[in-house]
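Predicted model only: the values in this text are computed from it and were never measured.
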Amino acid sequence: MADYYLCPLGQVLEGVVPASVRGQAGTRERMFLSVPTNVAARLTQLKLPPKQAHILKVLAGSPRPMLMPELMLAAGCTAGPIKQLREKKLVVEQSKRVNTTELAQTVEDREAHLDLNEDQQQALRTILAMIDSGQHHTALMHGVTGSGKTEVYIRAIEHVISFGRQAIVLVPEISLTPQTVKRFRSRFDRVAVLHSHLSPADRHWQWRRIVDREVDVIVGARSAVFAPTPHLGLIVIDEEHDGSFKQDSPPGTKVARRRAQMESVPLVLGSATPSLESWLAAQRGGEYQLDSDMPPPFAGNLPHVGTGRLANEFHSRQTRGVRQTVAQAIHQTLVWQVILLLNRRVSRRRFSVQHVET
């Protein structure tokens, strides 16, 4: 990554393993007490004062090591007798890092499966065949907004989870993450979230859950591609055309593709308006497969989209702020209303609304 993007190695490493994970944010070192196995085996043979014998019995009967305050409360004693048992090597200490915060998990109402139309079923069959092949493939799913791409993702992820693997779902903006997480939590019980707006403690906690296989689906912005999944089975990039996935800064789509190749898992790219690079690769076939023309969820035709050649109008000053073809379209539409989107701020002097209206 550092070589490809011509960026410092430290910047790459910071993205792969954030400081909150390296510093184990949200945890602290605690001392746990336990009874060694050889001591527990001869517990009844030890000659100890009644208080120390009682403490040792309580600690030996615990299913897990105990903190000093826990043992004092359970045995009804002070720290003195426990210290004496430690000096006699009858109780040993073990240092562990534990979470200092209790993070709540949001539970969403369970959503039923949605019926798939023929185009969705065809797209799903293609992705499932890639998953079952055990090799890396890239699929471009082309469908207008609302055509049901997310439902296809969910069905594919259910298949991946059924044989014990995990899935990563990348969305382009943090603002889209909550609604995406809500949708996936309505279908899956174990979902983690990774994005740059998490607190250090939250981020480290999510990483630990992923590593410990307490999570099946990881949803997040592009940095979530580095989620430490022990058994990755699928990577999905929704709205793959978005500028945040472009290759001018790491990590981008190529990083996700490279990880999918290294782990021999499919990569699914979804978009209503695919990037030119992905569309061309899918048209050429080979490494990309194309699931295209998923219909909209409504009856009727899609709006007409046209492109205009500006070379012939380059020297024209008649419309002052807009090209002749756009001005003509505005004239024809003024019986209703017009929304004109500009890619930069234009002064009122340069762009005359009165000229267009006349």
Check your understanding: So, Glu151 and Gln120: side-chain donor and acceptor under 3.5 Å apart, yes or no?
Key -> no
Check your understanding: Got a salt bridge between Glu240 and Arg257, using NZ or NE/NH1/NH2 to carboxylate O under 4.0 Å?
Key -> no
Check your understanding: Side-chain contact, heavy-atom cut-off 4.5 Å: Thr138 with Leu140?
Key -> no
Point to revise | In one Ile/Leu/Val/Met/Phe/Trp/Tyr side-chain cluster, 4.5 Å: Leu128, Phe163 | key: yes
Practice item. Return yes if a side-chain donor-acceptor contact under 3.5 Å exists between Gln122 and Arg125, otherwise no. Key: yes
**Study point:** Heavy-atom check, side chain of Lys57 versus side chain of Leu48, under 4.5 Å
**Key:** no
Review point. Should Leu13 and Val211 be counted in the same cluster of Ile, Leu, Val, Met, Phe, Trp and Tyr side chains packed under 4.5 Å apart?
Key: no
Review point. Do Leu33 and Arg86 come close enough that some side-chain heavy atom pair is under 4.5 Å?
Key: yes
Point to revise | Distance, nearest 0.5 Å, that separates CG of Leu116 from CZ of Arg155 | key: 4.0 Å
Check your understanding: Given Arg209, which of Val191, Ile218, Val215 fulfils the side chain to side chain contact (heavy atoms under 4.5 Å, CB included) condition?
Key -> Val215
Exercise for review: Assess whether atom CG of Asp212 is packed by more than 12 heavy atoms of other residues, nucleotides or ligands within 6.0 Å.
Suggested key: yes
Check your understanding: Does some side-chain heavy atom of Trp207 sit less than 4.5 Å from a side-chain heavy atom of Leu194?
Key -> yes
Practice item. Verify the neighbour count for atom CG of Asn38: are there more than 12 heavy atoms of other residues, nucleotides or ligands below 6.0 Å? Key: yes
Practice item. Using the six-membered ring wherever Trp is involved, compare the ring planes of Phe188 and Phe184 and label them parallel, tilted or perpendicular (cut-offs 30° and 60°). Key: parallel
Point to revise | Point-to-point distance, once rounded to the nearest 0.5 Å, from CE of Met31 to CG of Leu67 | key: 10.0 Å
Check your understanding: So do the side chains of Val35 and Leu85 get within less than 4.5 Å of each other, counting heavy atoms only?
Key -> no
Practice item. Hey, could you give me the OG/CD1 distance between Ser162 and Ile157, rounded to the nearest 0.5 Å? Key: 12.0 Å
Check your understanding: Going through the checks in order, is the side chain to side chain contact (heavy atoms under 4.5 Å, CB included) test met by Ile235 and Glu263?
Key -> CA-CA 10 Å; Ile235 299 177; Glu263 305 212 29; over 6 Å; no
Review point. Going by an N to O cut-off under 4.0 Å, is there a salt bridge joining Arg30 and Glu70?
Key: no
Review point. Does a donor on one side chain sit under 3.5 Å from an acceptor on the other, for Arg203 and Ser223?
Key: no
Review point. How about Lys83: does its NZ atom have over 12 heavy atoms from other parts shown lying under 6.0 Å from it?
Key: no
Review point. So, do Val217 and Ile161 sit near enough that their side-chain heavy atoms are less than 4.5 Å apart?
Key: yes
Practice item. Verify the cluster assignment for Val17 and Leu232: are they in a single hydrophobic cluster under the rule of side-chain heavy atoms below 4.5 Å apart? Key: yes
**Study point:** Val91 vs Ile55 side-chain heavy atoms within contact, under 4.5 Å
**Key:** no
Check your understanding: Rounded to the nearest 0.5 Å, how far does CZ of Arg183 lie from OG of Ser186?
Key -> 6.5 Å
**Study point:** Salt bridge flag under 4.0 Å for residues Lys149 and Glu239
**Key:** no
Practice item. Please test Leu59 against Ile82 for side chain to side chain contact (heavy atoms under 4.5 Å, CB included), starting from the C-alpha separation and ending with a verdict. Key: CA-CA 10 Å; Leu59 184 57; Ile82 300 176; over 6 Å; no
**Study point:** Spacing of Ile210 atom CD1 and Phe226 atom CZ [to the nearest 0.5 Å]
**Key:** 13.5 Å
Practice item. Apply side chain to side chain contact (heavy atoms under 4.5 Å, CB included) to Arg187 and Glu158, showing your working. Key: CA-CA 9 Å; Arg187 301 290 288 273; Glu158 287 177 341; 3.9 Å; yes
Review point. Distance from Ser264 atom OG to His136 atom NE2, nearest 0.5 Å?
Key: 9.0 Å
Review point. With a 4.5 Å heavy-atom cut-off, do Leu280 and Arg284 have their side chains touching?
Key: yes
